[in-house]
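Accompanying notes for the structure given below.
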Number of protein chains: 2
Amino acid sequence: MPATENALAERLVPNVMVAACPSRRILSHVTSRWGVLALMALRGRTMRFSALRRHIGGVSERMLAQTLQTLEADGFVIRRSFDVVPPHVEYSLSELGEEAAEKVASLVLWIEGNLERIPGAQGD
Amino acid sequence: MPATENALAERLVPNVMVAACPSRRILSHVTSRWGVLALMALRGRTMRFSALRRHIGGVSERMLAQTLQTLEADGFVIRRSFDVVPPHVEYSLSELGEEAAEKVASLVLWIEGNLERIPGAQGD
DNA sequence: GTAAGTACATACAAAATTGTAAGTGTAAAC
DNA sequence: GTTTACACTTACAATTTTGTATGTACTTAC
């Protein structure tokens, strides 16, 4: 089989094991330190920037803004800005975002619910 | 309610939104760049170090070794070493690891299967 | 009138992650 | 006899991520 077929197959069937596959980039955004938590926080609800920041323990303004921009560019997060002062901006998930967040939540909830069974989470 | 109750609640009910919660560390290991892929690769099968390295596109020896050690310390990965030369080491998932990997796989497969719907994955 | 809240952007520094290259010790393949 | 494979480890450098501090422009509460 010629090399063109491989290139074609890679475009038709995304595979994270392939370094250049775009799924790698999306995966890294969704599984990023603050990306996971932002998706979790926005599941099924709308939140303002500051509320999000207070909700997600330890996140800085800079990191939260950056994370939300990345997720928005991917199409997971929707940003609605009202032209008032002081500023008012609402964040929510798109249908796509809700679907991704559901998967992420499944993992996170499993970890939270099984922490006691995880040796690496004990002591220390 | 006194502060002791909060501390107690945090130990009884793990919450990733709390910066100091141990679930954060475990989450970061499982969602780390190479951690995700190692868990995916080992689902339902045993693999040797070099085979894993060839399977996971773009991973260096250093990063793979480090990732496997972290996941082993957490209790997700089992390392079996045979005392022969050249070295022979087999990696597999513990029951715990299989459960975590299942959740991770669910997310990864969703991304792979929905890449075309994700605006941020198009073009570049 | 002073402080706090809103939603960021920006410059800079610090810290963490990741990669590269080399070394180990033996054995089988060429 | 030279190369290749195995499963790493270590030192060092480059890169990326993350934090800190500051500024913005205006309004409401004290």
Side-chain angles (χ1 to χ4, degrees), chain A residues 16-20 24-39 41-42 45-74 77-92 120 124, chain B residues 16-17 19-20 24-39 41-42 45-74 77-92 124:
Chain A
V16 269
M17 293 303 171
V18 176
R24 278 266 181 105
R25 255 207 5 270
I26 302 300
L27 180 65
S28 76
H29 297 166
V30 168
T31 60
S32 73
R33 182 168 180 192
W34 306 115
V36 174
L37 300 180
L39 290 173
L42 290 174
R45 63 176 158 182
T46 290
M47 284 182 105
R48 296 181 63 175
F49 185 86
S50 291
L52 266 172
R53 173 148 150 68
R54 282 186 295 266
H55 190 76
I56 302 173
V59 73
S60 67
E61 293 193 351
R62 188 183 178 281
M63 278 301 105
L64 182 57
Q66 202 168 292
T67 300
L68 290 171
Q69 283 165 10
T70 300
L71 293 177
E72 193 196 355
D74 285 343
V77 162
I78 296 169
R79 192 190 108 111
R80 271 189 49 190
S81 152
F82 302 86
D83 195 15
V84 295
V85 77
H88 183 122
V89 180
E90 292 182 348
Y91 289 93
S92 58
D124 208 273
Chain B
V16 270
M17 293 304 172
R24 280 265 182 106
R25 255 205 7 268
I26 302 299
L27 181 65
S28 77
H29 296 167
V30 168
T31 61
S32 72
R33 181 166 181 194
W34 305 117
V36 173
L37 301 179
L39 289 173
L42 290 173
R45 64 176 159 183
T46 290
M47 284 182 105
R48 295 180 65 175
F49 185 86
S50 292
L52 265 173
R53 174 148 148 70
R54 280 186 296 265
H55 190 76
I56 302 174
V59 72
S60 67
E61 292 193 351
R62 188 182 178 281
M63 278 301 106
L64 182 56
Q66 204 168 291
T67 300
L68 290 170
Q69 283 165 10
T70 300
L71 293 177
E72 193 196 355
D74 285 344
V77 161
I78 296 169
R79 192 189 107 112
R80 272 190 48 191
S81 152
F82 301 86
D83 195 17
V84 293
V85 78
H88 184 122
V89 180
E90 291 183 350
Y91 291 91
S92 58
D124 196 287

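In what follows, every chain begins at residue 1, and chains take the letters A, B, ... in the order their sequences are listed.
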Reckon B:Gln69 touches a base, only the sugar-phosphate, or nothing at all at heavy-atom distances under 4.0 Å?
sugar-phosphate

Nearest atoms (heavy-atom pairs only) where A:Leu42 meets A:Met47
CD2-CB, 3.9 Å

When you measure from every atom of DNA chain C, which of residues 46-55 of chain B have a heavy atom less than 4.0 Å away?
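DNA chain C contact set from residues 46-55 of chain B: none.
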
What's the [atom1]-[atom2] distance between [X] and [N], to the nearest Å?
X: A:Glu61; N: C:dT6; atom1: CD; atom2: P; answer: 10 Å
X: B:Gln66; N: D:dA7; atom1: CD; atom2: P; answer: 18 Å
X: A:Phe82; N: D:dT27; atom1: CZ; atom2: C1'; answer: 18 Å
X: B:His88; N: C:dA28; atom1: NE2; atom2: P; answer: 15 Å
X: A:Leu68; N: C:dC8; atom1: CG; atom2: C1'; answer: 11 Å
X: B:Trp34; N: C:dT17; atom1: CH2; atom2: P; answer: 15 Å

Under 30°, 30 to 60°, or over 60°: which ring-plane class applies to A:His88 and A:Phe82, parallel, tilted or perpendicular?
perpendicular

B:Ser60 side, atom OG; B:Trp34 side, atom CH2 - distance, nearest 0.5 Å:
7.5 Å

Writing each nucleotide of DNA chain C 5' to 3' as (, ), [, ], | or . by Watson-Crick or G-U pairing under 3.5 Å yields ||||||||||||||||||||||||||||||

Of the listed nucleotides C:dA7, D:dC6, C:dC12, the one nearest the side chain of A:Arg62:
C:dC12

Consider the side chain of A:Arg79, meaning its heavy atoms from C-beta on, and name the nucleotide among C:dC8, D:dT20, D:dC6 that approaches it most closely.
C:dC8

So, does A:Ser60 get its side chain near the phosphate of D:dT18, meaning an N or O under 4.0 Å from OP1 or OP2?
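Answer no for this pair, as no side-chain N or O of A:Ser60 is under 4.0 Å from OP1 or OP2.
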
A:Met63 or A:Pro86, whichever maps to the more 5' nucleotide of DNA chain D:
A:Met63

